[in-house]
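These notes concern the structure reproduced below.
We use all heavy atoms of the structure for the numbers below, so side chains are in, but hydrogens, waters and symmetry mates are not. Keep in mind that this is a model prediction, so the values were computed, not measured.
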Amino acid sequence: QSALTQPASVSGSPGQSIAISCTGTTSNVGNYNLVSWYQQHPGKAPKLMIYEGSKRPSGVSNRFSGSKSGNTASLTISGLQAEDEADYYCCSYATGSTLVFGGGTKLTVL
Amino acid sequence: QVQLQESGPGLVKPSETLSLTCTVSGGSISNFYWSWIRQPPGKGLEWIGYMYHSGSANINPSLKSRVTISVDTSNNQFSLKLNSVTAADTAVYFCARGGGRGNFWFDPWGQGTLVTVSS
């Protein structure tokens with residue numbers, strides 16, 4: 001069982017916006033703005049999409065954005081494109097200088 | 001840009017030690033944190049641990065008794081040893097930059113290497 005809870009799947013049509021939630025506790029998401037998000041296509045290594053809650057690495061589309069409210073972080077993808085179809089994982093710093101991942105969310109672009 | 005490449009045996013027998021090396025190219029291993037992450041087939045990601053180039057490390061408490069992470073700055077490599085393996089340790093093992101103070105994210109990643117635990 002993962003320390004962070006994500007929905008198993010979400011879906012949306014091209015052009016729409018979707019949000020993926022990542023729920024933790026005050027030991028991780030709630031007390032630290034240190035959530036990162038990763039995109040993973042089948043058979044590939046994960047790719048960093050968001051770090052420190054809402055920062056985008058160079059080269060990542062501004063269609064991807066991150067936010068947090070209480071113990072829940074969210075990744076929003078606007079203007080959905082076919083290439084966004086992938087698995088998405090959140091990760092948070094946790095008390096004790098450890099890191100914990102969510103269970104992952106499969107995004108389907110209809 | 002920095003690239004990472006995992007290497008090591010793809011098959012390990014139960015109760016033996018899994019040993020992997022990550023070679024860093026395109027940049028120095030110094031002044032960064034380096035991590036190991038694994039992904040069982042069809043499942044999610046699990047952080048194993050990180051090491052700073054100086055040698056200080058932090059390991060996932062669930063694996064702490066079985067994991068050693070070390071660094072070889074002269075060869076720009078860092079390594080993972082996981083002892084007393086079982087079938088539950090079968091996974092794709094990734095190395096990545098990051099995970100420690102001031103850098104609590106992972107980027108870039110190696111391509112990953114599948115390690116199967118089986119007799």
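Of the residues listed (A:Pro46, A:Cys91, A:Cys90), the one engaging B:Leu45 in a side-chain contact (heavy atoms from CB on, under 4.5 Å) is A:Pro46, and it is the only one.
For the set A:Val35, A:Leu99, A:Leu48, A:Leu34, the entry with the most heavy-atom pairs within less than 4.5 Å of chain B is A:Leu99.
Under the 4.5 Å side-chain heavy-atom criterion for grouping Ile, Leu, Val, Met, Phe, Trp and Tyr, A:Val100 is connected to A:Leu75 within one hydrophobic cluster. There is a path of hydrophobic side-chain contacts, each under 4.5 Å, that joins B:Val24 to B:Leu20. Transitive grouping of hydrophobic side chains (ILVMFWY, heavy atoms separated by less than 4.5 Å) brings B:Val2 and B:Ile29 into a common cluster. By the criterion of side-chain heavy atoms lying less than 4.5 angstrom apart, applied directly or through intervening Ile, Leu, Val, Met, Phe, Trp or Tyr residues, B:Phe78 is not grouped with B:Ile37; the two fall into different hydrophobic clusters. By the criterion of side-chain heavy atoms lying less than 4.5 angstrom apart, applied directly or through intervening Ile, Leu, Val, Met, Phe, Trp or Tyr residues, B:Phe104 is not grouped with B:Ile48; the two fall into different hydrophobic clusters.
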Between chain A and chain B: donor-acceptor pairs at under 3.5 Å:
| from | atom 1 | to | atom 2 | distance (Å) |
| --- | --- | --- | --- | --- |
| A:Tyr38 | OH | B:Phe106 | N | 2.8 |
| A:Gln40 | OE1 | B:Gln39 | NE2 | 3.0 |
| A:Gln40 | NE2 | B:Gln39 | OE1 | 2.9 |
| A:Tyr89 | OH | B:Gln39 | NE2 | 3.2 |
| A:Gly96 | O | B:Asn58 | ND2 | 3.2 |
| A:Ser97 | O | B:Asn58 | ND2 | 2.4 |

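Pairs passing the salt bridge (Lys or Arg N to Asp or Glu O under 4.0 Å) check and including a residue from residues 23-33 of chain B, sequence neighbours excluded, do not occur. Here disulfide bond (SG atoms under 2.5 Å apart) pairs that include residues 45-105 of chain B, with residues two or more places apart or in two chains, are B:Cys22-B:Cys95.
In terms of the side chain to side chain contact (heavy atoms under 4.5 Å, CB included) criterion, residue partners of B:Val92 (sequence neighbours excluded) are, by chain and number, B:Phe94, B:Leu114.
Considering every non-hydrogen atom in both B:Gly110 and A:Ala45, the closest pair reads O-CB, 3.2 Å.
Proximity to chain A (any heavy atom under 4.5 Å) is shown, for B:Pro108, by neither the backbone nor the side chain.
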